[in-house]
Amino acid sequence: MSRFLDACYRRPTDATPVWFMRQAGRYQPEYRALREKYDLLTLLRTPELAVQVTLLPKPLGVDALILFADILLPLEPLGLGLRFVPGQGPVLEHPLRTADDIARLQPYAVEEALGFVLETVRGVRQVEPRLPLIGFAGAPFTLASYAIEGGGSRHYRRTKALMYARPDAWQHLMAVLTQVTIDYLRAQVRAGAQAVQVFDSWVGALSPGLYRAAVLPHLQRLFAALGDLGVPRIYFSTGTAGFLEAVREIPAEVFSVDWRVGLDAAWQRLGGPDRVAIQGNLDPIALFAPPQRLRAEVQRVLEEAAGRPGHIFNLGHGILPQTDPDQVRRLVEWVHTHR
Ligand code: CP3
(Lines give C-alpha, C1' and ligand atoms only; values in the text may rest on other atoms or scores of the structure.)
Protein backbone atom coordinates (compact mmCIF):
# COMPACT_ATOMS: atom_id res chain seq x y z
CA MET A 1 0.00 0.00 0.00
CA SER A 2 1.13 3.51 -0.63
CA ARG A 3 0.90 6.51 1.69
CA PHE A 4 0.94 8.82 -1.28
CA LEU A 5 -1.91 7.13 -3.16
CA ASP A 6 -3.92 6.68 0.06
CA ALA A 7 -3.62 10.40 0.81
CA CYS A 8 -4.70 11.28 -2.76
CA TYR A 9 -7.93 9.40 -2.05
CA ARG A 10 -8.20 10.88 1.48
CA ARG A 11 -7.64 7.56 3.21
CA PRO A 12 -5.83 7.66 6.60
CA THR A 13 -2.04 7.05 6.50
CA ASP A 14 0.58 6.09 9.10
CA ALA A 15 2.49 9.31 8.34
CA THR A 16 2.07 12.31 6.02
CA PRO A 17 3.41 11.49 2.55
CA VAL A 18 5.95 13.89 1.06
CA TRP A 19 7.50 14.46 -2.35
CA PHE A 20 8.93 17.55 -4.05
CA MET A 21 8.01 19.40 -7.16
CA ARG A 22 11.05 19.20 -9.48
CA GLN A 23 12.68 16.66 -7.16
CA ALA A 24 14.67 15.04 -9.99
CA GLY A 25 17.09 17.77 -10.92
CA ARG A 26 19.87 20.22 -10.55
CA TYR A 27 20.10 20.47 -6.75
CA GLN A 28 21.40 16.89 -6.81
CA PRO A 29 25.14 16.36 -7.39
CA GLU A 30 24.32 13.04 -9.14
CA TYR A 31 22.16 14.91 -11.64
CA ARG A 32 24.83 17.54 -12.30
CA ALA A 33 27.34 14.77 -12.94
CA LEU A 34 25.03 13.27 -15.57
CA ARG A 35 24.52 16.71 -17.13
CA GLU A 36 28.26 17.07 -17.62
CA LYS A 37 28.09 14.10 -19.95
CA TYR A 38 24.73 14.68 -21.68
CA ASP A 39 22.69 17.71 -22.69
CA LEU A 40 19.18 18.03 -21.29
CA LEU A 41 17.31 16.87 -24.40
CA THR A 42 19.51 13.78 -24.62
CA LEU A 43 18.75 12.95 -20.97
CA LEU A 44 15.05 13.47 -21.60
CA ARG A 45 14.93 11.42 -24.79
CA THR A 46 17.01 8.44 -23.67
CA PRO A 47 14.77 6.18 -21.56
CA GLU A 48 17.71 4.42 -19.84
CA LEU A 49 19.06 7.77 -18.61
CA ALA A 50 15.63 9.23 -17.83
CA VAL A 51 14.85 6.18 -15.67
CA GLN A 52 18.10 6.75 -13.77
CA VAL A 53 17.26 10.43 -13.13
CA THR A 54 13.69 9.64 -12.06
CA LEU A 55 15.12 7.37 -9.33
CA LEU A 56 17.69 9.88 -8.01
CA PRO A 57 15.44 11.35 -5.26
CA LYS A 58 14.74 7.90 -3.77
CA PRO A 59 17.51 8.04 -1.10
CA LEU A 60 15.92 11.25 0.24
CA GLY A 61 13.02 9.13 1.52
CA VAL A 62 10.27 10.58 -0.68
CA ASP A 63 6.93 8.76 -0.92
CA ALA A 64 6.52 9.12 -4.69
CA LEU A 65 8.62 9.48 -7.81
CA ILE A 66 7.86 11.91 -10.62
CA LEU A 67 8.72 10.96 -14.13
CA PHE A 68 11.80 12.68 -15.53
CA ALA A 69 10.45 14.48 -18.60
CA ASP A 70 9.52 18.11 -19.35
CA ILE A 71 6.16 19.78 -19.85
CA LEU A 72 7.39 21.25 -23.14
CA LEU A 73 8.17 17.94 -24.90
CA PRO A 74 4.66 17.71 -26.47
CA LEU A 75 5.23 21.06 -28.23
CA GLU A 76 8.05 19.62 -30.33
CA PRO A 77 5.87 17.32 -32.52
CA LEU A 78 3.66 20.37 -33.25
CA GLY A 79 6.65 21.75 -35.15
CA LEU A 80 7.62 24.45 -32.65
CA GLY A 81 11.29 23.47 -32.39
CA LEU A 82 12.16 22.97 -28.69
CA ARG A 83 15.65 23.83 -27.43
CA PHE A 84 17.07 24.39 -23.96
CA VAL A 85 19.57 27.24 -23.95
CA PRO A 86 22.07 27.18 -21.06
CA GLY A 87 21.42 30.12 -18.73
CA GLN A 88 18.24 31.11 -20.57
CA GLY A 89 15.89 28.15 -20.18
CA PRO A 90 13.57 26.73 -22.82
CA VAL A 91 13.20 28.32 -26.27
CA LEU A 92 10.63 27.52 -28.96
CA GLU A 93 12.30 28.36 -32.24
CA HIS A 94 9.06 28.61 -34.21
CA PRO A 95 6.57 30.25 -31.86
CA LEU A 96 2.92 30.73 -32.79
CA ARG A 97 2.64 34.36 -33.80
CA THR A 98 -0.50 34.64 -35.92
CA ALA A 99 -4.00 33.17 -36.02
CA ASP A 100 -2.89 31.37 -39.21
CA ASP A 101 -0.02 29.67 -37.34
CA ILE A 102 -2.62 28.42 -34.88
CA ALA A 103 -5.20 27.37 -37.48
CA ARG A 104 -2.67 24.92 -38.95
CA LEU A 105 -2.21 23.01 -35.67
CA GLN A 106 -3.69 19.54 -35.36
CA PRO A 107 -3.45 16.84 -32.67
CA TYR A 108 -0.91 14.11 -33.52
CA ALA A 109 -0.25 10.46 -32.67
CA VAL A 110 1.25 10.87 -29.20
CA GLU A 111 2.28 7.22 -28.71
CA GLU A 112 4.62 7.45 -31.68
CA ALA A 113 5.93 10.97 -31.26
CA LEU A 114 6.51 10.70 -27.51
CA GLY A 115 7.12 6.96 -27.27
CA PHE A 116 10.42 7.54 -25.43
CA VAL A 117 8.51 9.02 -22.46
CA LEU A 118 6.27 5.94 -22.30
CA GLU A 119 9.36 3.76 -22.44
CA THR A 120 10.71 5.67 -19.42
CA VAL A 121 7.46 5.09 -17.51
CA ARG A 122 7.66 1.33 -18.19
CA GLY A 123 11.34 1.31 -17.21
CA VAL A 124 10.78 3.06 -13.87
CA ARG A 125 7.90 0.76 -12.96
CA GLN A 126 10.04 -2.26 -13.72
CA VAL A 127 13.06 -1.13 -11.68
CA GLU A 128 11.04 0.37 -8.80
CA PRO A 129 7.64 -1.31 -8.51
CA ARG A 130 7.12 -0.20 -4.90
CA LEU A 131 7.20 3.60 -4.99
CA PRO A 132 4.27 5.14 -6.86
CA LEU A 133 5.16 6.93 -10.09
CA ILE A 134 3.54 10.24 -10.96
CA GLY A 135 3.11 10.98 -14.66
CA PHE A 136 2.56 14.58 -15.72
CA ALA A 137 1.89 17.10 -18.44
CA GLY A 138 1.70 20.87 -18.80
CA ALA A 139 -1.77 22.42 -18.58
CA PRO A 140 -3.12 23.91 -21.82
CA PHE A 141 -2.72 27.57 -20.75
CA THR A 142 0.86 27.11 -19.53
CA LEU A 143 1.81 25.22 -22.70
CA ALA A 144 0.10 27.85 -24.87
CA SER A 145 2.07 30.59 -23.13
CA TYR A 146 5.39 28.95 -24.07
CA ALA A 147 4.16 28.21 -27.61
CA ILE A 148 3.13 31.83 -28.19
CA GLU A 149 5.85 33.71 -26.28
CA GLY A 150 8.60 31.39 -27.56
CA GLY A 151 9.94 30.85 -24.02
CA GLY A 152 9.41 32.13 -20.49
CA SER A 153 7.71 35.47 -20.06
CA ARG A 154 7.12 38.19 -17.51
CA HIS A 155 3.85 39.74 -18.66
CA TYR A 156 2.45 37.12 -21.11
CA ARG A 157 1.70 40.06 -23.38
CA ARG A 158 1.33 38.11 -26.63
CA THR A 159 -0.62 35.29 -25.00
CA LYS A 160 -3.13 37.48 -23.21
CA ALA A 161 -3.44 39.85 -26.18
CA LEU A 162 -4.42 36.85 -28.32
CA MET A 163 -6.95 35.72 -25.70
CA TYR A 164 -8.60 39.15 -25.79
CA ALA A 165 -8.33 39.83 -29.52
CA ARG A 166 -8.83 36.43 -31.14
CA PRO A 167 -10.97 34.19 -28.94
CA ASP A 168 -11.58 31.94 -31.99
CA ALA A 169 -7.86 31.24 -32.48
CA TRP A 170 -7.41 30.83 -28.71
CA GLN A 171 -10.23 28.27 -28.60
CA HIS A 172 -8.62 26.23 -31.37
CA LEU A 173 -5.19 26.33 -29.73
CA MET A 174 -6.63 25.25 -26.37
CA ALA A 175 -8.69 22.50 -28.02
CA VAL A 176 -5.59 21.04 -29.74
CA LEU A 177 -3.41 21.27 -26.62
CA THR A 178 -6.18 19.74 -24.49
CA GLN A 179 -6.60 16.80 -26.86
CA VAL A 180 -2.85 16.15 -27.07
CA THR A 181 -2.61 16.30 -23.26
CA ILE A 182 -5.51 13.86 -22.81
CA ASP A 183 -3.89 11.37 -25.22
CA TYR A 184 -0.47 11.86 -23.60
CA LEU A 185 -1.64 11.33 -20.01
CA ARG A 186 -3.83 8.36 -20.93
CA ALA A 187 -0.80 6.79 -22.64
CA GLN A 188 1.36 7.44 -19.54
CA VAL A 189 -1.19 5.68 -17.33
CA ARG A 190 -1.43 2.75 -19.75
CA ALA A 191 2.37 2.52 -19.56
CA GLY A 192 2.17 2.32 -15.73
CA ALA A 193 1.92 5.83 -14.22
CA GLN A 194 -0.09 5.60 -10.98
CA ALA A 195 -1.14 9.25 -10.67
CA VAL A 196 -1.13 12.23 -13.04
CA GLN A 197 -0.26 15.85 -12.29
CA VAL A 198 -1.14 18.72 -14.61
CA PHE A 199 1.21 21.71 -14.21
CA ASP A 200 -0.46 25.11 -14.66
CA SER A 201 2.63 26.98 -13.51
CA TRP A 202 1.85 30.40 -14.97
CA VAL A 203 -1.96 30.59 -15.03
CA GLY A 204 -1.87 33.00 -12.07
CA ALA A 205 -1.13 35.71 -14.68
CA LEU A 206 -4.85 35.73 -15.52
CA SER A 207 -7.79 37.58 -14.00
CA PRO A 208 -10.56 35.47 -12.46
CA GLY A 209 -12.85 36.34 -15.37
CA LEU A 210 -10.42 35.34 -18.10
CA TYR A 211 -9.52 32.13 -16.25
CA ARG A 212 -13.16 31.19 -15.96
CA ALA A 213 -14.08 31.99 -19.56
CA ALA A 214 -11.01 31.00 -21.57
CA VAL A 215 -9.22 28.32 -19.53
CA LEU A 216 -11.50 26.54 -17.04
CA PRO A 217 -13.77 24.81 -19.62
CA HIS A 218 -10.70 23.20 -21.24
CA LEU A 219 -9.39 22.03 -17.86
CA GLN A 220 -12.80 20.57 -17.05
CA ARG A 221 -12.78 18.65 -20.33
CA LEU A 222 -9.18 17.50 -19.76
CA PHE A 223 -9.80 16.20 -16.24
CA ALA A 224 -13.15 14.64 -17.11
CA ALA A 225 -11.45 12.73 -19.94
CA LEU A 226 -9.06 11.15 -17.39
CA GLY A 227 -11.80 10.18 -14.95
CA ASP A 228 -12.12 6.53 -15.97
CA LEU A 229 -8.40 5.76 -15.58
CA GLY A 230 -8.64 4.93 -11.88
CA VAL A 231 -5.64 7.05 -10.89
CA PRO A 232 -5.67 10.27 -8.85
CA ARG A 233 -5.67 13.49 -10.88
CA ILE A 234 -3.65 16.40 -9.43
CA TYR A 235 -4.07 20.00 -10.58
CA PHE A 236 -1.08 22.19 -9.76
CA SER A 237 -1.22 25.96 -10.13
CA THR A 238 0.49 29.00 -8.68
CA GLY A 239 -0.76 32.55 -8.17
CA THR A 240 -4.39 31.38 -8.17
CA ALA A 241 -5.31 32.39 -4.60
CA GLY A 242 -7.55 35.08 -6.09
CA PHE A 243 -9.80 32.56 -7.82
CA LEU A 244 -9.66 29.20 -6.05
CA GLU A 245 -13.48 29.10 -6.24
CA ALA A 246 -13.10 28.71 -10.04
CA VAL A 247 -10.21 26.22 -9.68
CA ARG A 248 -12.50 24.14 -7.47
CA GLU A 249 -14.74 23.42 -10.47
CA ILE A 250 -12.05 21.19 -12.03
CA PRO A 251 -12.85 17.51 -11.38
CA ALA A 252 -9.56 16.58 -9.65
CA GLU A 253 -8.84 14.39 -6.62
CA VAL A 254 -5.96 16.61 -5.45
CA PHE A 255 -5.23 20.34 -5.69
CA SER A 256 -1.69 21.65 -5.27
CA VAL A 257 -1.39 25.20 -3.92
CA ASP A 258 1.46 27.69 -3.57
CA TRP A 259 2.50 29.68 -0.45
CA ARG A 260 0.52 32.82 -1.22
CA VAL A 261 -2.46 31.35 0.61
CA GLY A 262 -2.76 29.46 3.90
CA LEU A 263 -3.17 25.70 3.53
CA ASP A 264 -6.31 25.47 5.65
CA ALA A 265 -8.01 28.42 3.92
CA ALA A 266 -7.13 27.03 0.49
CA TRP A 267 -8.41 23.58 1.42
CA GLN A 268 -11.76 25.02 2.56
CA ARG A 269 -12.14 27.13 -0.58
CA LEU A 270 -11.37 24.13 -2.80
CA GLY A 271 -14.18 22.12 -1.24
CA GLY A 272 -12.71 20.98 2.07
CA PRO A 273 -11.24 17.69 3.34
CA ASP A 274 -14.50 15.82 2.70
CA ARG A 275 -14.25 16.50 -1.01
CA VAL A 276 -10.60 16.84 -2.14
CA ALA A 277 -7.01 16.24 -1.05
CA ILE A 278 -4.51 19.09 -0.73
CA GLN A 279 -0.81 19.26 -1.63
CA GLY A 280 1.95 21.86 -1.60
CA ASN A 281 2.11 25.15 0.29
CA LEU A 282 5.69 25.30 1.65
CA ASP A 283 7.66 28.23 0.18
CA PRO A 284 10.63 26.64 -1.69
CA ILE A 285 12.81 29.45 -0.30
CA ALA A 286 12.14 28.19 3.25
CA LEU A 287 14.70 25.48 2.40
CA PHE A 288 17.33 28.24 2.52
CA ALA A 289 16.48 29.10 6.15
CA PRO A 290 18.51 27.73 9.09
CA PRO A 291 17.27 24.21 9.98
CA GLN A 292 15.30 25.33 13.05
CA ARG A 293 13.55 28.06 11.10
CA LEU A 294 12.74 25.62 8.29
CA ARG A 295 11.39 23.24 10.89
CA ALA A 296 9.00 25.92 12.17
CA GLU A 297 7.64 26.43 8.64
CA VAL A 298 7.20 22.68 8.15
CA GLN A 299 5.42 22.53 11.50
CA ARG A 300 3.11 25.38 10.46
CA VAL A 301 2.02 23.53 7.29
CA LEU A 302 1.47 20.28 9.23
CA GLU A 303 -0.54 22.09 11.91
CA GLU A 304 -2.78 23.68 9.30
CA ALA A 305 -3.42 20.23 7.84
CA ALA A 306 -4.15 19.06 11.42
CA GLY A 307 -3.65 15.38 10.63
CA ARG A 308 -6.77 15.23 8.46
CA PRO A 309 -6.62 12.50 5.78
CA GLY A 310 -5.88 13.90 2.33
CA HIS A 311 -2.75 15.96 3.00
CA ILE A 312 0.35 15.49 0.82
CA PHE A 313 3.34 17.50 1.94
CA ASN A 314 5.11 19.34 -0.90
CA LEU A 315 6.49 22.71 -1.90
CA GLY A 316 4.32 25.43 -3.40
CA HIS A 317 6.49 25.37 -6.54
CA GLY A 318 9.62 23.66 -7.80
CA ILE A 319 12.69 23.06 -5.65
CA LEU A 320 15.46 25.51 -6.61
CA PRO A 321 18.79 24.29 -8.05
CA GLN A 322 20.78 25.93 -5.20
CA THR A 323 18.92 23.91 -2.53
CA ASP A 324 21.05 21.89 -0.08
CA PRO A 325 20.06 18.19 -0.31
CA ASP A 326 20.67 17.86 3.45
CA GLN A 327 17.82 20.31 4.12
CA VAL A 328 15.58 18.18 1.92
CA ARG A 329 16.55 15.04 3.81
CA ARG A 330 15.80 16.72 7.17
CA LEU A 331 12.47 17.94 5.94
CA VAL A 332 11.38 14.44 4.89
CA GLU A 333 12.39 13.09 8.30
CA TRP A 334 10.41 15.79 10.16
CA VAL A 335 7.28 15.21 8.07
CA HIS A 336 7.46 11.45 8.56
CA THR A 337 8.01 11.62 12.34
CA HIS A 338 5.41 14.35 13.00
CA ARG A 339 2.51 13.21 15.17
O1 CP3 B 1 11.30 16.30 -10.78
C2 CP3 B 1 11.48 16.77 -11.90
O3 CP3 B 1 12.10 17.82 -12.11
C4 CP3 B 1 10.92 15.95 -13.03
C5 CP3 B 1 11.14 16.43 -14.34
C6 CP3 B 1 10.63 17.80 -14.75
C7 CP3 B 1 11.39 18.66 -15.60
N8 CP3 B 1 10.59 19.71 -15.92
C9 CP3 B 1 12.78 18.45 -16.07
C10 CP3 B 1 13.62 19.66 -16.28
C11 CP3 B 1 9.40 18.40 -14.52
C12 CP3 B 1 8.24 17.92 -13.65
C13 CP3 B 1 9.37 19.60 -15.29
C14 CP3 B 1 8.20 20.48 -15.36
C15 CP3 B 1 8.33 21.82 -15.97
N16 CP3 B 1 9.16 22.23 -16.98
C17 CP3 B 1 7.51 22.92 -15.62
C18 CP3 B 1 6.38 22.87 -14.62
C19 CP3 B 1 6.86 22.89 -13.23
C20 CP3 B 1 7.25 24.25 -12.70
O21 CP3 B 1 8.31 24.31 -12.06
O22 CP3 B 1 6.49 25.21 -12.89
C23 CP3 B 1 7.91 24.00 -16.40
C24 CP3 B 1 7.33 25.40 -16.37
C25 CP3 B 1 8.95 23.55 -17.27
C26 CP3 B 1 9.65 24.32 -18.34
C27 CP3 B 1 11.11 24.37 -18.08
N28 CP3 B 1 11.99 23.32 -18.26
C29 CP3 B 1 11.87 25.48 -17.63
C30 CP3 B 1 11.29 26.85 -17.29
C31 CP3 B 1 13.21 25.08 -17.56
C32 CP3 B 1 14.44 25.90 -17.23
C33 CP3 B 1 14.46 26.38 -15.86
C34 CP3 B 1 14.31 25.33 -14.81
O35 CP3 B 1 13.25 25.32 -14.14
O36 CP3 B 1 15.19 24.50 -14.63
C37 CP3 B 1 13.26 23.72 -17.91
C38 CP3 B 1 14.46 22.85 -17.92
C39 CP3 B 1 14.37 21.62 -17.11
N40 CP3 B 1 13.36 20.70 -17.14
C41 CP3 B 1 15.34 21.17 -16.18
C42 CP3 B 1 14.87 19.94 -15.66
C43 CP3 B 1 15.56 19.04 -14.66
C44 CP3 B 1 16.65 21.91 -15.85
C45 CP3 B 1 17.67 21.02 -16.35
C46 CP3 B 1 19.03 21.41 -16.62
O47 CP3 B 1 19.34 22.53 -17.03
O48 CP3 B 1 19.81 20.47 -16.43
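Source: prediction; values computed, not measured. Atoms within each ligand, like the ligands themselves, are counted from 1 in listed order.
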Against ligand 1, does Phe20 come closer than 4.0 Å with any heavy atom? no
Heavy-atom distance to atom 42 (C) of ligand 1: which of Gln28, Gln88, Arg22, Arg26 wins? Arg22
Do Arg186 and Asp183 meet the salt-bridge criterion of a basic N to acidic O distance under 4.0 Å? no
State, without any angle test, whether Arg330 and Gln327 hold a side-chain donor-acceptor pair at a distance under 3.5 Å. yes
Any ion pair linking Glu333 and Arg329 (charged N to carboxylate O, less than 4.0 Å)? no
Taking a cutoff of less than 4.0 Å between a non-hydrogen atom of the residue and any ligand atom, is Gly152 in contact with ligand 1? no
Ligand 1 to Ala24 polar contact by distance, N or O atoms, under 3.5 Å: yes
Using a strict cut-off of less than 4.0 Å between a Lys/Arg side-chain nitrogen and an Asp/Glu carboxylate oxygen, indicate whether Arg308 and Asp264 qualify as a salt bridge. yes
Measure from the ring center of His317 to the ring center of Trp202 and say whether it is less than 6.0 Å. yes
Find all atoms of ligand 1 within a distance of less than 4.0 Å from any non-hydrogen atom belonging to Phe84, and give their numbers and elements. 28 (N), 37 (C), 38 (C)
Indicate whether any N or O donor in one side chain lies under 3.5 Å from an N or O acceptor in the other, for Asp6 and Thr13. no
Residues Arg166 and His172: side-chain donor-acceptor under 3.5 angstrom: no
For His317, take its heavy atoms, then give the atoms of ligand 1 lying under 4.0 Å from any of them. 20 (C), 21 (O), 22 (O)
Considering only heavy atoms, does Leu67 approach ligand 1 within less than 4.0 Å through its side chain, its backbone, both, or neither? backbone
To atom 25 (C) of ligand 1, the nearest of Leu41, Ile71, Leu44, Leu65 on a heavy-atom basis is Ile71
Can you figure out which of Ala69, Pro90, Ala137, Gly25 has its heavy atom closest to atom 9 (C) of ligand 1? Ala69
Between Asn281 and Arg260, a side-chain donor and acceptor under 3.5 Å: no
Indicate, as side chain, backbone, both or neither, the part of Pro86 found under 4.0 angstrom from ligand 1 when only non-hydrogen atoms are considered. neither
Should the proximity of Arg35 to ligand 1, defined as any heavy atom under 4.0 Å, be assigned to the side chain, the backbone, both, or neither? side chain
For ligand 1, find out whether one of its N or O atoms is nearer than 3.5 Å to an N or O atom of Ser201. yes
